[in-house]
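Shown next, in structure tokens, is the structure this report addresses.
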Amino acid sequence: MLALTTMMALPTFASMTSTVLITGASSGLGEEFATRFAARGENVVLVARRADRLETLARRIEADHGVTATVVAMDLGVPGVGAKLRTALTDKGITPTSLVNNAGFGTHGRFADEDPERVAAEIALNVSALVDLTHAFLPTLTGALINVASTAAYQPTPNMAVYGATKAFVLSFTEALAFEHRTSPLKVLALSPGPTRTEFFDVVGSEDAAVGNFQTSEQVVSTAMRALDSRRTPASVVSGLSNKISAGSVRLAPRGLATVISGRLLKA
């Protein structure tokens with residue numbers, strides 16, 4: 001089921017100005033991305049399931065920054081979501097020039113004990129939807145493509161086996177796309193946060209999944225914006241100094257040792 005609402009404080013110039021499509025925009029990193037891009041004068045398209053939160057955010061963004069905020073209430077974890085969302089926006093005359101694939105969630109616990117339907121939904125949102133949305137909108141992107149990965153992407157994650165694997169996919173996929181588009185104006189970036197003060201751990205159901213020091217959404221998004229503003233945007237970036245050191249160390253460690261350490265930290 002799809003509900004589409006456009007609220008405008010100023011006339012729409014979607015075809016003339018930059019527009020950033022942000023998934024998982026109802027809270028946390030998605031909300032912060034929306035606010036940051038709007039502060040730069042870019043129109044935003046806010047996508048998530050919770051229409052009421054999106055509409056509240058859209059009203060605030062329009063009042064504070066004088067840009068157009070379009071709300072799309074949609075479940076992204078369904079097949080063909082890229083074409084559905086693209087059609088919905090095309091009907092409104094909106095062509096995104098940047099995309100932030102932020103929507104996703106994690107599960108925690110032994111894989112054998114997990115709900116198979118929950119695991120399937122996790123893979124559908126974290127991987128399938130991200131790939132489908134990227135493929136649907138990539139031809140018109142001229143600004144930035146940001147895919148939110150995780151520090152969990154850098155090693156196997158016992159007790160979060162599926163989540164870590166989905167984020168490893170996101171990291172590898174995005175770095176490959178960055179290479180493919182290295183001669184184009186499009187900036188492609190994989191953003192890997194560590195533990196962040198969002199609703200993520202509420203959904204997971206345990207802070208046992210948190211490894212490292214917590215950051216705020218503002219700190220994580222600032223990392224991404226600095227990367228985008230740099231003369232040469234890297235293919236991937238880890239947010240937080242301690243997280244960067246950890247991710248770098250893991251890549252140098254034997255795979256088996258990295259798994260053992262990760263398992264102990266995640267209380268597997």
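Everything numeric in this text was worked out from a predicted model, so none of it was measured. We number each residue from 1, following the sequence as shown.
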Report all side-chain donor-acceptor pairs from residues 169-180 shorter than 3.5 Å, counting only partners two or more places apart or in another chain.
| from | atom 1 | to | atom 2 | distance (Å) |
| --- | --- | --- | --- | --- |
| T174 | OG1 | N147 | ND2 | 3.0 |
| T174 | OG1 | V170 | O | 2.7 |
| E175 | OE2 | S236 | OG | 2.8 |

Could you tabulate the donor-acceptor pairs under 3.5 Å formed by side-chain atoms of residues 119-134, not counting sequence neighbours?
| from | atom 1 | to | atom 2 | distance (Å) |
| --- | --- | --- | --- | --- |
| E122 | OE1 | T107 | OG1 | 2.8 |
| E122 | OE2 | T107 | N | 3.2 |
| E122 | OE2 | T107 | OG1 | 3.4 |
| E122 | OE2 | Y163 | N | 3.4 |
| N126 | OD1 | F105 | N | 3.1 |
| N126 | ND2 | F105 | O | 2.9 |
| N126 | ND2 | T166 | OG1 | 3.2 |
| D132 | OD2 | V81 | N | 3.1 |
| D132 | OD2 | G82 | N | 3.1 |
| T134 | OG1 | N101 | ND2 | 3.0 |
| T134 | OG1 | L130 | O | 2.7 |

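Every residue two or more places apart in sequence or in another chain that forms a side-chain contact (heavy atoms from CB on, under 4.5 Å) with S184 is listed here: H181, L186. Applying the salt bridge (charged side-chain N to carboxylate O under 4.0 Å, His left out) criterion to R86, with sequence neighbours excluded, gives no partner residue. With sequence neighbours excluded, the residues forming a side-chain contact (heavy atoms from CB on, under 4.5 Å) with T87 are D91, listed by chain and number. For R49, there are no side chain to side chain donor-acceptor pair (under 3.5 Å) partners at least two apart in sequence or on another chain. Scored by the salt bridge (charged side-chain N to carboxylate O under 4.0 Å, His left out) test, D113 finds R110 as partners (sequence neighbours excluded). Every residue meeting the salt bridge (charged side-chain N to carboxylate O under 4.0 Å, His left out) condition with R60, not counting sequence neighbours, appears here in chain and number order: E31.
N43 has its side chain out of reach of T70: every pair of non-hydrogen atoms, C-beta onward, lies at least 4.5 Å apart.
For residues 225-236, the set of pairs meeting the salt bridge (Lys or Arg N to Asp or Glu O under 4.0 Å) definition, not counting sequence neighbours, comprises R40-D229.
Here CG of L46 is found 13.5 Å from CZ of R53. Values are rounded to the nearest 0.5 Å. To the nearest 0.5 angstrom, L141 atom CG is 11.0 Å from T19 atom OG1. Here CG of N243 is found 9.5 Å from OG of S192. Values are rounded to the nearest 0.5 Å.
Side chain of K187 to main chain of L228: a donor-acceptor pair is present (N/O by atom type, distance under 3.5 Å, no hydrogens or angles). The backbone N or O of M160 lies less than 3.5 Å from a partner atom in the side chain of T157, making a donor-acceptor pair. A donor-acceptor contact shorter than 3.5 Å links the side chain of S98 to the backbone of A144.
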